[in-house]
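Note that ligands are numbered from 1 as they come in the structure, with each ligand's atoms numbered from 1 the same way.
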Amino acid sequence: MSSNLRERLSTGKPFLFSWMSMAGAQVAGQIARLPFDGVTLDMQHGMMDFGDAAAMIGAISAAGKPAIVRVLWNDPGLVGQALDAGATAVIAPMVNSRAQAEALVKSAKYPPMGQRSWGGYTMVQTAKMTPGEYLAQANKVTLVFAMIETREALEAVDEIASVPGLDGLFVGPSDLSIALSNGAGINKTADYTLAAMDKVAAACKRNNLFAGAFAGDAAIMNEYISRGFTFLAAAVDVDLMRIGAAAILKDVKL
Ligand code: 3PY
Ligand code: MG
């Protein structure tokens with residue numbers, strides 16, 4: 001675990017992380033050594049189970065990068081399990097109300113802030129702390145993000161953002177644009193998507209939260225950075241392979 005993610009994000013400098021959809025600790029170790037600031041494991045839409053993720057978190061941590069987990073759902077068991085495996089931050093999908101955001105914080109933070117259950121030692125080893133040190137510092141060194149990706153969440157964004165203990169909001173622009181276009185399509189930079197994202201960024205600013213979003217390429221990242229987002233998914237593993245293959249083949253003289 002990189003214990004200084006909060007400090008790093010507090011500088012305001014964009015934090016750009018890769019996004020893994022496939023399982024494999026060896027690949028995770030390689031991806032963690034690319035010039036991104038961290039690695040997210042997508043346990044919602046990615047093809048990995050908890051055993052895979054636990055080994056991948058170990059490989060990412062060994063490379064000195066923070067491992068972030070987008071959990072399958074806003075469920076206390078899944079959130080606690082990801083943190084116990086050594087995740088530095090957890091991102092929960094489809095957080096649509098203040099009550100759901102409160103439940104998320106409850107599962108991610110130890111008392112008095114929440115009700116995270118104590119147990120397991122992987123997170124203690126990854127953090128390079130004694131159990132007592134980890135208990136004392138976990139609420140600070142681990143971060144929890146609520147995803148804003150529905151009309152409902154957008155309407156409740158201020159109520160969600162003001163939940164004590166929440167560290168950030170994370171926009172899912174694919175689901176959000178599908179919702180806002182009534183299912184017409186995915187458009188991460190449509191005017192209506194960006195207007196909605198401005199509302200999320202403003203709520204983050206008002207409530208002193210980190211503003212995050214899934215971007216996926218440089219043009220989208222630049223757009224989001226210009227709107228105040230600093231915690232950004234920069235590139236998906238399959239895109240890294242696809243783009244790498246195209247770059248190698250482009251200049252071959254056949
Ligand atoms: C979305 O854009 O909806 C996400 O969840 C990011 O993958
Ligand atoms: Mg989504």
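Checking only distances, Leu176 never comes within under 3.5 Å of ligand 1, N or O to N or O. Between Trp19 and ligand 1, a contact under 3.5 Å exists for no N or O pair. Polar contact check, Gln44 against ligand 1: no nitrogen or oxygen pair lies under 3.5 Å apart.
In this structure, a donor-acceptor pair under 3.5 Å is absent between the side chains of Asn222 and Arg227. Side chains of Ser21 and Asp237: a donor-acceptor N/O pair is present below 3.5 angstrom, by distance only. Side-chain polar atoms of Ser177 and Asn187 form no donor-acceptor pair below 3.5 angstrom.
Atoms of ligand 1 lying under 4.0 Å from any heavy atom of Asp175, numbered from 1 in the order shown and given with element: 1 (C), 2 (O), 3 (O). Close contacts between ligand 1 and Ser174 involve ligand atoms 1 (C), 2 (O), 3 (O) [criterion: under 4.0 Å to a heavy atom]. Using a 4.0 Å cut-off to heavy atoms of Met147, the atoms of ligand 1 that qualify are 4 (C), 5 (O).
Between Arg116 and the choices Asn139, Asp84, Thr142, the side chain to side chain donor-acceptor pair (under 3.5 Å) rule is met once, by Asp84.
Asp167 places a side-chain N or O within 3.5 Å of a backbone atom of Val144 that can act as its donor or acceptor partner. Judged by distance alone, with hydrogens and angles left aside, the side-chain atoms of Asn4 form no donor-acceptor pair with the main-chain N or O of Glu7 at under 3.5 Å.
Aromatic ring centroids of Phe170 and Phe214 lie 6.0 Å or more apart.
Scanning Ala213, Gly172, Ser177 for the heavy atom closest to atom 1 (C) of ligand 1 points to Gly172.
Under 4.0 angstrom from ligand 1, the non-hydrogen atoms of Arg70 all belong to its side chain. At a heavy-atom distance under 4.0 Å, no atom of His45 approaches ligand 1.
Around the Mg ion (ligand 2), the protein contributes the following N, O or S atoms at distances under 2.8 Å: Glu149 OE1, Asp175 OD2.
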